[in-house]
Amino acid sequence: MTLSAAPTDDLNNPPYRVKNSPVHGRGVFARRKIRAGALIIEYGGDRIDYDLACIDAAARDDDSNHTFLFSLEDGRVIDGGRNGNDARWINHCCEPNCEAREEDGRIYIHALCDIARGEELNYDYGLVLEERYTAALKRAYACRCGKPGCRGTLLAPKRRTRKS
């Protein structure tokens with residue numbers, strides 16, 4: 001995969017800002033119009049083994065399922081909670097205006113469409129868990145996007161297997 005052109009903005013003048021979100025906690029909002037296809041930000045953080053990420057998650061004392069982990073194709077994860085950047089505050093949406101793309105082991109957030117000044121940036125987290133998706137699990141990973149096509153959860157739909 002080839003890396004798209006880097007954003008024209010320098011680190012002191014990014015096209016976004018972080019502030020409180022009506023969707024959840026903190027959010028990332030366009031400071032000015034962002035054109036469709038634009039590279040907005042790289043998802044930053046320490047790269048750690050998946051097993052270590054699971055141990056860290058299990059050691060947390062809360063039940064929020066709040067995570068800054070981003071899975072990579074090589075099985076490792078980027079932990080945005082460790083040396084992460086503003087990208088960790090981008091919220092989930094079932095009808096997103098951004099997408100995350102992995103390119104050479106790095107995650108970049110790109111605009112899917114033109115994004116207006118003041119609009120919150122979001123992408124579909126598409127979380128994948130091995131366990132069965134029960135109603136309780138879906139509630140634990142509830143979506144708050146409020147879009148008409150909201151599936152009600154941050155979890156990606158399970159792929160159905162064909163019975164032979």
Side-chain angles (χ1 to χ4, degrees), residues 1-21 23-31 34 36-113 115 119-131 133 137-138 140-145 151 153-159:
M1 223 178 221
T2 10
L3 177 62
S4 303
T8 56
D9 302 293
D10 61 42
L11 294 175
N12 297 320
N13 190 24
Y16 60 84
R17 70 182 182 126
V18 176
K19 65 180 189 173
N20 290 335
S21 167
V23 174
H24 181 250
R26 308 288 281 160
V28 179
F29 296 80
R31 289 177 60 204
I34 299 173
L39 167 58
I40 300 168
I41 188 172
E42 179 178 358
Y43 193 92
D46 290 350
R47 279 151 177 77
I48 61 174
D49 289 330
Y50 176 78
D51 292 340
L52 177 59
C54 291
I55 292 166
D56 286 355
R60 284 197 324 254
D61 289 335
D62 64 16
D63 290 323
S64 69
N65 292 320
H66 188 83
T67 181
F68 294 121
L69 301 177
F70 212 112
S71 298
L72 296 170
E73 290 173 359
D74 69 4
R76 294 180 303 150
V77 298
I78 298 174
D79 185 349
R82 296 179 181 190
N83 297 310
N85 61 2
D86 290 340
R88 69 184 169 184
W89 303 116
I90 299 174
N91 280 313
H92 163 88
C93 184
C94 295
E95 295 177 9
N97 57 16
C98 295
E99 71 178 343
R101 299 180 196 161
E102 183 172 346
E103 299 175 16
D104 299 323
R106 298 167 78 173
I107 300 294
Y108 298 96
I109 309 301
H110 293 263
L112 284 172
C113 56
I115 300 170
E119 188 176 346
E120 185 167 3
L121 307 182
N122 49 62
Y123 59 89
D124 186 342
Y125 287 7
L127 298 178
V128 177
L129 300 177
E130 297 302 316
E131 60 204 279
Y133 288 3
L137 188 65
K138 289 178 183 179
Y141 290 95
C143 177
R144 301 177 179 136
C145 76
R151 63 181 179 265
T153 182
L154 308 178
L155 300 169
K158 287 270 191 181
R159 293 197 175 164

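The figures that follow rest on heavy atoms only: side chains count, while hydrogens, waters and symmetry mates do not.
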Trainee: To the nearest 0.5 Å, what is the distance between CG on N20 and CZ on R26?
Mentor: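 Answer rounded to 0.5 Å: 5.0 Å.
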
Trainee: Quick one: salt bridge (Lys or Arg N to Asp or Glu O under 4.0 Å) partners of D79, sequence neighbours excluded?
Mentor: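 Applying salt bridge (Lys or Arg N to Asp or Glu O under 4.0 Å) to D79 gives R82.
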
Trainee: Determine whether H92 and C143 make a side-chain contact, defined as any pair of heavy atoms from C-beta on separated by less than 4.5 Å.
Mentor: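 In contact.
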
Trainee: Just by modelled atom types, is the D51 backbone N or O under 3.5 Å from a matching donor or acceptor in the D49 side chain?
Mentor: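 Answer holds: no.
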
Trainee: Using modelled atom types and a 3.5 Å cut-off, is there a donor and acceptor pairing between side-chain atoms of D74 and backbone atoms of G105?
Mentor: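 Not a single qualifying donor-acceptor pair exists.
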
Trainee: Whether the side chain of R88 engages the backbone of G45 through a donor-acceptor N/O pair (distance < 3.5 Å, no angle test) should be reported.
Mentor: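 No.
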
Trainee: Quickly, which of N97, L39, I40 forms a side-chain contact (heavy atoms from CB on, under 4.5 Å) with I34? Name it, please.
Mentor: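 Per the side-chain contact (heavy atoms from CB on, under 4.5 Å) rule, the option paired with I34 is I40, out of N97, L39, I40.
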
Trainee: Would S71 and V77 satisfy side chain to side chain contact (heavy atoms under 4.5 Å, CB included), going step by step from the backbone distance to the final call?
Mentor: CA-CA 4 Å; S71 298; V77 298; 4.1 Å; yes

Trainee: Roughly how far, to the nearest 0.5 Å, is the OG atom of S21 from the CZ atom of R144?
Mentor: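 The OG atom of S21 is 10.0 Å from CZ of R144, to the nearest 0.5 Å.
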
Trainee: Within the distance-only criterion (no hydrogens, no angle test), does the side chain of K138 pair as donor or acceptor with the backbone N or O of L154 below 3.5 angstrom?
Mentor: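 A pair under 3.5 Å: no.
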
Trainee: Let me confirm one number: the CZ-CD1 distance from R47 to I107, rounded to the nearest 0.5 Å.
Mentor: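 It is 8.0 Å, given to the nearest 0.5 Å.
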
Trainee: How far apart are the closest heavy atoms of L112 and C98, and which atoms are they?
Mentor: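 In this case the closest contact between L112 and C98 is CD1-O, 3.3 Å.
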
Trainee: Side-chain donor-acceptor pair under 3.5 Å between N91 and N122, yes or no?
Mentor: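 Note: N91 and N122 side chains miss the donor-acceptor criterion.
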
Trainee: Check the pair Y141, L129 against side chain to side chain contact (heavy atoms under 4.5 Å, CB included), reporting the backbone distance first and the verdict last.
Mentor: CA-CA 11 Å; Y141 290 95; L129 300 177; 3.6 Å; yes

Trainee: If the plane angle is over 60° it's perpendicular, under 30° parallel, otherwise tilted; pick one for F70 and Y123.
Mentor: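 Rings of F70 and Y123: tilted, as their planes differ by 30° to 60°.
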
Trainee: Would Y43 and F68 count as a side chain to side chain contact (heavy atoms under 4.5 Å, CB included) if you check the C-alpha gap in whole Å, the side-chain angles of each, and the deciding distance to 0.1 Å?
Mentor: CA-CA 10 Å; Y43 193 92; F68 294 121; 3.6 Å; yes

Trainee: With no hydrogens and no angle check, is any side-chain donor or acceptor of E73 less than 3.5 Å from a backbone partner on E102?
Mentor: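 Side chain of E73 to backbone of E102, a donor-acceptor pair under 3.5 Å: no, none is there.
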
